2 protein chains.
Amino acid sequence: MSALPIAAVERDTGIPKDTLRVWERRYAFPQPVRDDKGERLYPAEQVEKLRLLRRLLDQGHRPGNIVSASTDALAALLEPTSERGRTPSDPGIAALIELVRLHRSAELRATLQQHLVKLGLQRFVAELVAPLSRAIGEAWLQGEIGVAEEHLFTEQVQNLLRSSINSLGPSGRPPRVLMTTLPGEEHILGLLMVEATLAPEGVQCISLGAQTPLADITQAARDGRFDIVAVSFSAAFPARRAFLAIEQLRDALPESIALWAGGAALQGKRKRIDKVQQIAQLDDLLNALAAWRKTN
Amino acid sequence: MSALPIAAVERDTGIPKDTLRVWERRYAFPQPVRDDKGERLYPAEQVEKLRLLRRLLDQGHRPGNIVSASTDALAALLEPTSERGRTPSDPGIAALIELVRLHRSAELRATLQQHLVKLGLQRFVAELVAPLSRAIGEAWLQGEIGVAEEHLFTEQVQNLLRSSINSLGPSGRPPRVLMTTLPGEEHILGLLMVEATLAPEGVQCISLGAQTPLADITQAARDGRFDIVAVSFSAAFPARRAFLAIEQLRDALPESIALWAGGAALQGKRKRIDKVQQIAQLDDLLNALAAWRKTN
DNA sequence: GCTCATTGTTTGTCCTGGACAAAGTGTTGA
DNA sequence: TCAACACTTTGTCCAGGACAAACAATGAGC
């Protein structure tokens, strides 16, 4: 079986090199082989267990309790939560997840399209895409679906949303909104959901996609005379870093440009930041928009 | 002015922490301030210079010669190449770059759309998007446009391509192609160009988007009964890592599934890999497709 | 019983300084 | 002009120590 060097393990599992080494020192796991240069080589099974560990950490477990446990014990930890925390989801959503799981991309696309036509863009996002994304995220945590399935889902939804938004055509009304995610956040579904909610209201949305450095955001916001900068954070993004980055961005932006921030990473944290509009749910977006239009 | 900790600099510049420290040791640059814990804090000007350095490294310069040079000297290094290597580009392309530079997103979108309708999807990609992407990449290296502008461009093109591909509707003919990029490669325009070229030929393209781990690709390729796995590499991806990863992927895939690899990172490198179809240009794609259909 | 402040433990990230192979450069000989 | 060789540069890895922030446990007061 193949074994990976430490840099590859970092890329594959998302666990930083420093952390991998310190776990080895403290918990005696992982225990990579060494090559002739004395460098770590992680066997495939250990990488697999590391991925499992990362899922458990995202669920709120702590390293000290789980890193040195056996793979079987870890697998057992996944089950109980899956019964306790399982959202009794809509049958429509369960059916869609099943399509994702089975790689039935053609049917998935058709079914989503159907819902889109039936509900209209805004309700499609609020009532279907949002809960479905959450459910997919949970299913990934539970190990019920893999990375490939999650990617497949994201791509299909992205295609639909982008097509719909694109077909709305350009708008001339204010506000002008600049949308992006910050460095380290690569998930853009949240951004697209925001755009799909705002664009039908005649808002001019310009997206920069994922991971724009702070300096470039502020520069672009000034140059493009934007009224609002909107950033989004997925559940995978550490809340602490999110608040830090938002504060930095707020400081760097001129006061005249509003900053809107939302996404799962900020949910449930009571912390508020001065002069930042926090968006807890998609509904808040339309309220915030109405408020902006009233005062401008 | 604000100063960034080492992790933020790594994210913003793409230069690994280890490299930042070793440059400081060897070339006396950067020279970050220390906070009260003794940790590095990089002033904004130094981060700016680091970004400039990265552009120069991508152009082929070597650290020893440039890291300790003054910012002015570095800026001077950019100019000469810009005259020497400047592609005498199509006036249409130059006009589009200008729109990107000026953030005229509405006009950019309209102009692209115009070209798309005029040329048709496949020629639009081959004759406009491909050279334009190259030109944008070069303009970024020269510092003529920033990260935000590049992102803006990518988003607009993505919207158009995804809409067009989406409107083609599903196809039932073989081959089935699984497309993605490997971990570390986040640019997906190349992938979309491939899809836009193949889809009109009735090929069933399923994209997983960016950065799918190797294990998940092979798993998905088997589960979905794909005939071909296609991966793409941007110019920013180090060629060496690309070849390494391709070999690994080839080994992990069953022989019955073909592997196609292409993109700027592989251009000009004579190296060939056994049992891998290398795609140098978009034209090759259609040849490779014809060849596949002939023998299957 | 519950809330809030305080103390102790866990954990990720940063530090220094050393090592080494792979990639790049220059030189020599055919 | 090309190939083989030695020399230099450069990124990445290693060990082992340190520390603050996040978290858990404890106790006091109501």
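Just so we're clear, the structure is a prediction, and the values are computed from it rather than from any experiment.
In terms of phosphate contacts, A/R40 brings no side-chain nitrogen or oxygen within less than 4.0 Å of OP1 or OP2 of D/dC13. Distances shown here put every side-chain N or O of B/W23 at or beyond 4.0 Å from the OP1 or OP2 atom of D/dT10. Considering only side-chain N and O atoms, A/T19 lies nowhere under 4.0 angstrom from the phosphate OP1 or OP2 of C/dT11. For D/dA15, neither phosphate oxygen OP1 nor OP2 lies less than 4.0 angstrom from any side-chain nitrogen or oxygen of A/R21.
Two residues, A/G60 and B/P16, neighbour DNA chain D, and the one matched to the more 5' nucleotide by heavy-atom proximity is B/P16. Residue A/Y27 is the one, among B/E39 and A/Y27, whose nearest nucleotide of DNA chain C lies closer to the 5' end (criterion: closest heavy atom).
Between B/L266 and B/I246 there is a side-chain heavy-atom pair separated by less than 4.5 Å. Looking at A/T212 and A/P183, their side chains never come closer than 4.5 Å, going by heavy atoms from C-beta outward.
Atom CG of B/L4 is separated from atom C1' of C/dC14 by 16 Å (rounded to the nearest Å). Between the P atom of D/dC13 and the CG atom of A/D35 lies a distance of 11 Å, rounded to the nearest Å. Residue B/E24 contributes atom CD, which lies 7 Å from atom P of C/dT16 at whole-angstrom precision. For the pair A/I66 CD1 and D/dC23 P, the computed distance is 14 Å after rounding to whole Å. The separation between A/K17 atom NZ and D/dG11 atom C1' is 10 Å, rounded to whole Å. Whole-Å rounding puts the B/R241 CZ to D/dT12 C1' distance at 11 Å. Here the C1' atom of nucleotide D/dA24 and the NE2 atom of A/H61 are 15 Å apart, to the nearest Å. Rounded to a whole Å, the CD atom of B/E10 is 10 Å from the P atom of D/dT12.
Comparing atom distances between the A/P63 side chain and each of C/dT11, C/dT16, D/dA15 picks out C/dT11 as nearest.
Side chain of B/E138 to backbone of B/A135: no donor-acceptor contact under 3.5 angstrom is found. Here the side chain of A/D251 pairs no donor or acceptor atom with the backbone of A/Q248 at under 3.5 angstrom. Within the 3.5 Å criterion, the main-chain N or O of B/Q211 finds a donor-acceptor partner in the side chain of B/T181.
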Notebook entry, point to check: Can you check side chain to side chain contact (heavy atoms under 4.5 Å, CB included) on B/L189 and B/F153, steps first, answer last?
Noted result: CA-CA 10 Å; B/L189 269 194; B/F153 162 77; 3.8 Å; yes

Next item on the list: Start with the C-alpha distance between B/I66 and B/L57, add both sets of side-chain angles, then the distance that settles side chain to side chain contact (heavy atoms under 4.5 Å, CB included), and finish with yes or no.
Entry: CA-CA 9 Å; B/I66 57 172; B/L57 291 186; 3.9 Å; yes

Side-chain donor-acceptor pairs of residues 15-25 of chain A under 3.5 Å, sequence neighbours excluded:
from, atom 1, to, atom 2, distance (Å)
A/K17, NZ, A/E10, OE1, 3.2
A/E24, OE1, A/R40, NE, 2.7

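Between B/R51 and B/E48 there is a salt bridge, since a side-chain N of the basic residue sits under 4.0 Å from a carboxylate O of the acidic one.
Remark: the B/S234 side chain and the B/E185 side chain contain an N/O donor-acceptor pair separated by less than 3.5 Å.
Residue B/R34 is in sugar-phosphate contact alone, with no base atom involved, counting any heavy-atom pair closer than 4.0 Å across all strands shown.
Each end of the helix from C/dG1-D/dC30 to C/dA30-D/dT1 gets its own axis from five base pairs, and the two axes differ in direction by 30°, given to 10 degrees.
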Next item on the list: Would you mind building the protein contact string for nucleotides 17-23 of chain C? One character per nucleotide, 5' to 3', B for base within reach (heavy atoms under 4.0 Å), S for sugar-phosphate only, - for untouched.
Entry: BBB-SSS

